[in-house]
Amino acid sequence: MAVSYNHKEVEEKWRSIWEKDPVNKDDGKKPKYYCLDMFPYPSGNGLHVGHWRGYVISDVWSRYKMLNGYHVIHPMGWDAFGLPAENYAIKNGVHPAISTAANISNIKRQIQDIGAIYDWDMEVNTTDPEFYKWTQWIFVKMFKAGLAYEKEMPINWCPSCKTGLANEEVVNGHCERCGAEVTKKNLKQWMLRITKYADRLLDDLDKLDWPEKVKKMQTDWIGRSYGAEVDFKVDGRDESITVYTTRPDTLYGATFMVLAPEHPLAAGLSTPETKEAVDKYIYDASVKSNVDRLQGKEKTGVFTGSYAINPINNEKIPIWLSDYVLADYGTGAIMCVPAHDDRDFEFAKKFNIPIIQVIAKDGVEIVDMEEAYTEASGTMINSGEWNGMESAVLKKEAPLMIEKRGFGKKTVNYKLRDWVFSRQRYWGEPIPIVHCPDCGAVPVPEEELPLLLPEVESYEPTGTGESPLAAIDSWMNTTCPCCGKPARREANTMPQWAGSSWYFLRYVDNKNTEELVSREKADKLLPVDMYIGGVEHAVLHLLYSRFYTKFLYDIGVVGFDEPFMKLFNQGMITGKNGIKMSKSKGNVISPDELVENYGCDSLRIYELFVGPPELDSEWDDRGIDGVYRFLNRFWKMVLDSSEKNAPETAESVKLRHKMIADITQRLESFSLNTVVSGFMEYNNSMIELGKKGGVDKATLEAAIIMLSPLAPHIAEELWQKLGHEGSVFDEKWPEYDEEAMKDNEKEIALQINGKTRAVMNINVDAPKDEVLTQAKALLKERIGDGRIVKEIYVPGKIVNIVVK
RNA sequence: GCAGUUGUGGCGGAAUUGGCAUACGCGCUAGACUAAGGAUCUAGUCCGGGAUAACUGGGUGCGGGUUCAAGUCCCGCCAACUGCACCA
C-alpha cells in the first residue's frame with residue numbers, strides 16, 4: 001500500500017529543485033508566448049485568495065503553453081508608487097520607500113507560495129530610479145512631440161486625497177480610489193493629448209481578442225459621434241454662437257438654443273431686464289457640485305433675453321441657459337429641437353417654447369405631441385427645400401450641405417478628454433520639467449534622467465494644489481537646461497498610471513541602461529499574447545497602456561501598436577453573500593493558512609474549482625477538502641497502479657484517449673473549473689480500473705503530465721516516482737487518437753413522447769431499423785395499443801417513439 | 001432610463017450542434033474500520049406520492065411559443081449584479 005501524500009515535504013522538495021534549475025528554459029528555438037499578470041500594488045495587507053486566483057489562472061495557462069512547446073515569458077513586478085504608502089508615511093513617518101520595500105518582500109513571499117514559473121530575473125519595480133528613468137523619458141518624448149502640455153483649467157479635485165484626478169478616475173462624481181465626492185479646482189496642470197489618439201484607440205479595438213464588455217466600455221468612453229457644427233448669429237449683435245449637433249437634419253425644427261452656464265458668452269447675453277436672473281443662475285450652477293448637478297431630475301433654466309437667428313430659415317429663436325448642457329462637450333452650446341429630442345422636449349414643455357415637427361413617421365404630422373420622436377427615420381416636413389427627403393439620408397448629407405452653404409461644418413466629436421497628468425502628491429515620479437522665466441517649460445535633458453525624487457521632511461499634501469516637493473527649495477531651485485539662468489523645477493508628480501502604462505515592455509529587457517527596451521528584444525519577445533487581470537481597469541490602465549504603446553510605436557521604440565493581443569478578465573472572489581473582501585469588512589481570507597494546511601497544489605486547484613474563471617465566486621473554505629481528497633486519491637491510485645505494473649488493456653487505452661481529448665478541449669476553451677471536475681471524474685474511473693487490475697503506465701503518465709499545470713509539485717513527485725529522471729515539464733502535452741477513443745457499444749435512452757422510459761445498449765453502427773425494432777420490443781408493454789405516429793432514431797443518441 | 005452579464009438541488013456548480021437535467025465537489029444520512037475520529041473506505045442523497053421496492057407525478061426565475069424532443073431556440077416579463085447615465 002502506498003504511503004500517503006505529504007504536501008509539505010513534496011512542495012518544499014520541488015520548490016528548492018526548481019529554484020536551482022527552473023523548468024521554463026529558453027533554448028532559443030521555441031516560439032515565444034508572453035503571458036502577463038496585471039502586476040500588484042504591494043499593499044501592506046498582503047494577498048487574499050482573490051488575488052491568488054488570477055495568478056493561478058495565468059500560471060496554469062503558462063505551464064500549459066510551455067508543455068505545448070512554447071518559451072513562455074511570465075514575469076512579475078511591482079506597481080509601487082501610489083497613495084497608500086504615502087498615507088502610511090504621513091501617519092507613521094516611515095519613508096514610503098521603506099514601507100514599500102517591506103511590503104514587496106512580504107507579498108513576494110506570498111506570490112512564491114503559488115509555485116508559479118515567474119522569472120524573477122525579469123522583475124521590475126516602478127519606484128526604482130532605473131525604472132522610472134524611462135517613465136520620465138517617455139514624458140520628455142511626449143513633451144517634445146507636443147503631446148504633453150500645460151493648461152490652467154478647472155479640473156477634478158479630490159479633497160480627501162488632496163490631488164487632481166483624471167476623468168477616468170472619477171466614478172459617478174466620486175474619487176475612484178477613496179470614494180470622496182470630487183470637486184472642481186482651478187489648477188495649472190500637465191495634460192497628455194490622448195485625444196489625438198482617439199480614432200486609433202477606437203478603431204484598433206477591432207484587432208484585439210478582448211472581452212466584448214471591455215471593448216464596449218472603451219468605445220463608450222472614447223464616445224465618437226459624427227455631426228456638424230452650426231453657426232447661429234446673435235440677433236442685433238456682431239457675435240455668433242456655434243453649436244454641435246448630431247442631427248443637423250432637424251435644423252428647421254430648432255426653436256430655441258441653450259448654452260451651458262459656463263459658456264463664455266453666457267453672462268453677456270443678458271439684457272437689463274434679465275441680468276439679475278441670469279447672473280444668479282450662472283452663480284448657482286458654479287457652486288453646484290457635479291453630483292448635485294447630475295442628480296437634478298427636473299430641468300432648470302433661464303432665458304437670457306437675447307435671440308439667435310437660425311441660419312437655415314432666418315427665424316428668431318430665444319437663447320436660454322441651462323445646466324443640462326455640458327460646458328466641456330461639443331461647443332458648450334446646443335440648438336434645441338424639442339420635437340425630436342427628449343431633453344429638449346421636456347425643456348420646451350416646461351417653459352412653453354414652440355415645438356415644430358420636422359420628421360414625420362409614415363408622412364403623418366402629429367397634432368399634439370406627447371413625447372419626442374427621436375428616431376432618424378421618416379420623411380422631412382416643415383423643412384423648406386428638404387421637405388420630402390428621407391431623414392436618414394438627410395442626416396448623413398446635411399453636414400456637408402451646411403458646410404457648402406457657409407454656416408457650419410462637418411465635425412467629429414469625442415467624449416474622451418485629454419489626460420490630466422499632474423498629481424499634487426509626493427510618492428510618484430517627478431515630472432521632468434524645469435520652468436524658466438525666459439524659456440518657459442523646458443524638459444530635463446534625457447541624459448540627466450532619472451530626475452530623482454528627493455527626500456522631504458513632510459509628506460503631507462499641502463492641499464493648495466502644490467505637491468510637497470514645492471517646499472524643498474534646494475531641490476526646486478535649479479538652472480534652466482536651455483539658457484542656464486536660475487529656474488524652478490516642476491513640483492508635481494505623475495499619476496500612478498504612468499509606470500503601469502508601459503511596465504510590460506520593460507520586463508524583457510529590465511537591465512538595459514541605454515534604452516527603455518532594445519528593439520531587438522522587443523521584436524523578439526513582445527507584445528503580450530495573453531493578459532490576465534480584473535475588469536476594474538477597463539478604461540484606466542488598459543486605455544492608458546494602449547495610448548503609450550501607440551506613442552512608442554510612433555517614435556519607433558517598438559514595432560507594434562497594441563500591447564495586449566488577448567485579454568482575460570477573471571471574476572472576483574468575494575466573501576459570503578457576494579461581499580467584496582476588504583479589511584474594513586473583516587472578511588478577508590488569506591491564502592497563507594490554507595497553503596500551510598492543504599498545500600499549494602490543493603489551493604491552486606481549488607481556486608480553479610470554485611467556479612467559471614470569468615465569473616465572480618463566493619469563497620467557501622470548506623470546499624478545499626474536496627480537492628485535497630482528490631489529490632490524495634490520485635496519489636494513491638498512481639502509486640498502487642505503478643506497483644502493480646499493470647499492462648495496457650482495451651479499456652485503459654480508451655480511457656486514456658478520452659481523458660486526453662476531454663481535458664485538452666476544456667483547457668483550450670479556458671473552462672478551468674471543468675478541467676478540475678474532469679480530472680476528478682477520470683480519477684474515479686482510474687480508481688475503478690485499479691480495482692480490476694491497475695492502470696497502465698502510459699495512461700498514468702498522460703494524467704500526470706496533464707495535471708502538472710494545475711498541481712506542479714505533486715505532478716513532479718509522481719513523475720519521479722514512476723522512474724523518470726527529468727522534470728515532467730520537459731515533456732510534451734499528450735496527444736489523442738479519435739479512433740482509439742471510439743465506443744462501439746453505447747447506452748441510449750428510449751423515449752415515448754419525449755419521456756425516457758428505458759435505456760438500451762446498442763452497437764453504434766447498428767442500422768436504424770434494427771435499433772428501432774429492438775427499442776419497440778423493449779417498450780412493447782408501454783406502447784400497448786397506442787398508434788405509433790412517428791419513430792425517431794438519432795444515431796448513437798436517442799430513440800423517441802411518438803404514440804397517440 | 002440604456003447596454004451587458006447572470007438566474008439550475010441544502011450549497012459551489014455540470015450539461016459540443018436542441019437529445020437520459022442535476023456530472024464533479026461540498027454538506028448531510030447510514031454503515032465499515034477504530035481505543036477514538038474533524039482520517040479513510042462503502043452505500044445513499046432534486047422534490048412529492050408509494051411501505052424500503054417496483055412504479056409514478058412534478059421539476060432548470062415567471063408566462064407563452066416552436067419542436068418528436070427545450071436548461072439550451074423564439075416572443076413577453078421578473079429579479080440580481082456590472083457598466084454608462086442629460087455627451088445634443
Side-chain angles (χ1 to χ4, degrees), chain A residues 4 171-173 211-214 216-217 219-221 223-225 227 243-248 250 254 257-258 260 293-297 299 322-326 328-337 340-344 346-347 374 413-416 535-536 538-539 571-572 574 578 605-606 609-612 614-630 632-633 636 662 665-666 669 671 673-684 747-759 789-803:
Chain A
S4 78
V171 181
N172 289 329
E212 286 307 316
K213 178 186 170 156
V214 176
K216 181 153 193 321
M217 282 169 75
T219 302
D220 289 349
W221 190 259
R224 180 167 63 193
S225 68
V243 304
Y244 171 70
T245 179
T246 55
R247 298 296 304 276
T250 63
M257 177 185 260
V258 176
R293 192 163 159 171
L294 290 171
Q295 269 169 355
K297 281 170 230 114
K299 300 219 169 348
S322 175
D323 63 4
Y324 82 90
V325 174
L326 306 174
D328 60 357
Y329 180 78
T331 60
I334 60 170
M335 66 175 212
C336 297
V337 184
H340 304 288
D341 181 279
D342 291 325
R343 297 148 302 182
D344 299 348
E346 187 194 331
F347 196 86
T374 55
N413 237 302
Y414 304 90
K415 288 195 216 173
L416 184 70
V535 75
E536 63 272 16
V539 287
M572 195 175 35
T574 67
I605 293 180
Y606 188 53
F609 193 52
V610 285
E614 69 280 8
L615 298 183
D616 292 352
S617 293
E618 269 179 42
W619 187 263
D620 183 353
D621 266 353
R622 284 179 303 185
I624 196 172
D625 285 313
V627 295
Y628 188 65
R629 281 175 204 144
F630 155 68
N632 271 292
R633 284 200 288 258
K636 275 189 202 149
D662 230 3
Q665 236 163 57
R666 293 178 191 200
S669 59
S671 178
N673 53 326
T674 65
V675 168
V676 176
S677 64
F679 267 118
M680 288 172 168
E681 279 179 75
Y682 282 105
N683 187 42
N684 290 344
E747 191 189 74
I748 61 163
L750 307 183
Q751 301 183 326
I752 295 176
N753 296 337
K755 297 211 165 171
T756 303
R757 294 305 181 188
V759 290
V789 193
K790 206 168 182 180
E791 298 170 2
I792 290 148
Y793 172 53
V794 181
K797 283 192 172 160
I798 207 157
V799 168
N800 192 11
I801 311 284
V802 186
V803 178

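Keep in mind it's a predicted model, so treat the numbers as computed, not measured. Letters A, B, ... mirror the listed sequences (proteins, then strands); counts begin at 1.
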Where does RNA chain B form stems of at least three consecutive Watson-Crick or G-U wobble pairs, each pair having both distances below 3.5 Å?
B:1-7 with B:78-84, B:10-12 with B:24-26, B:27-32 with B:40-45, B:46-49 with B:55-58, B:61-65 with B:73-77
Candidates [options] - which lies nearest the side chain of [X]:
X         : options                   : value
Asp323(A) : rG58(B), rC20(B), rC86(B) : rC86(B)
Ala749(A) : rC20(B), rA15(B), rA88(B) : rC20(B)
Arg633(A) : rG25(B), rC86(B), rA15(B) : rG25(B)
Glu747(A) : rG83(B), rC20(B), rG13(B) : rC20(B)
Glu681(A) : rA14(B), rC20(B), rA23(B) : rA23(B)
Asn684(A) : rG25(B), rC20(B), rU16(B) : rG25(B)

Set of residues satisfying side chain to side chain contact (heavy atoms under 4.5 Å, CB included) with respect to Glu212(A), sequence neighbours excluded
Lys215(A)
Under the side chain to side chain contact (heavy atoms under 4.5 Å, CB included) test, which residues partner Thr245(A), sequence neighbours left out?
Val230(A), Arg247(A), Pro248(A), Met335(A)
Heavy atoms, side chains only, cut-off 4.5 Å: are His340(A) and Thr374(A) in contact?
no
Name the nucleic acid region contacted by [X], choosing base, sugar-phosphate or nothing; use a 4.0 angstrom heavy-atom cut-off, strictly under.
X         : answer
Arg224(A) : nothing
Ser225(A) : sugar-phosphate
Asn673(A) : sugar-phosphate
Glu212(A) : nothing

If I pick the [atom1] atom on [M] and the same atom on [N], what distance separates them, to the nearest angstrom?
N       : M       : atom1 : answer
rG7(B)  : rU16(B) : P     : 13 Å
rG27(B) : rC46(B) : C1'   : 15 Å
rC2(B)  : rA21(B) : P     : 38 Å
rA79(B) : rC86(B) : C1'   : 28 Å
rC75(B) : rG25(B) : P     : 38 Å
rG71(B) : rU60(B) : C1'   : 5 Å
rG44(B) : rG9(B)  : C1'   : 15 Å
rC77(B) : rA69(B) : P     : 27 Å

Any sub-3.5 Å donor-acceptor pair from [X]'s side-chain atoms to [Y]'s backbone N or O?
X         : Y         : result
Asp344(A) : Val337(A) : yes
Asp341(A) : Cys336(A) : no
Asp616(A) : Gly571(A) : no

What nitrogen or oxygen pairs link the protein and nucleotides 67-74 of chain B at under 3.5 Å?
from    : atom 1 : to        : atom 2 : distance (Å)
rC68(B) : OP1    : Lys790(A) : NZ     : 3.3
rC68(B) : O2'    : Asn800(A) : ND2    : 3.1
rC68(B) : O2     : Asn800(A) : ND2    : 2.6

Between [X] and [N], is there a side-chain N or O to OP1/OP2 distance below 4.0 Å?
X         : N       : value
Tyr324(A) : rA88(B) : no
Arg666(A) : rA15(B) : no
Asn172(A) : rG83(B) : no

Restricting to non-hydrogen atoms, name the atom on [X] and the atom on [Y] that form the minimum distance, rounded to 0.1 Å.
X         : Y         : value
Val675(A) : Arg666(A) : CG2-CB, 3.6 Å
Ser225(A) : Tyr244(A) : OG-OH, 2.8 Å
Asn413(A) : Gly330(A) : ND2-CA, 3.6 Å

Can a side-chain donor-acceptor contact be found between Asp621(A) and Tyr606(A) if the only test is distance below 3.5 angstrom?
no
Check this for me: does the side-chain of Glu346(A) come within 3.5 Å of the base of rC86(B) through a donor and an acceptor?
no
With distance as the sole criterion, do the side chain of Lys299(A) and the base of rC86(B) form a donor-acceptor contact below 3.5 Å?
yes
Along RNA chain B (nearest heavy atom to each residue), the more 5'-positioned of Ser671(A) and Arg247(A)
Ser671(A)
For Thr674(A) and for Val759(A), locate the closest nucleotide of RNA chain B by heavy-atom distance; then report the residue assigned to the nucleotide nearer the 5' terminus.
Thr674(A)
Quick test: give all pairs of protein nitrogen or oxygen and nucleotides 27-33 of chain B nitrogen or oxygen below 3.5 Å, distance rounded to 0.1 Å.
none

All N/O contacts under 3.5 Å from nucleotides 4-12 of chain B to the protein, with atom names and distances to one decimal?
from    : atom 1 : to        : atom 2 : distance (Å)
rG12(B) : O2'    : Val610(A) : O      : 2.7

Using 0.5 Å steps for rounding, measure from the CD1 atom of Ile624(A) to the CZ atom of Phe630(A).
13.5 Å
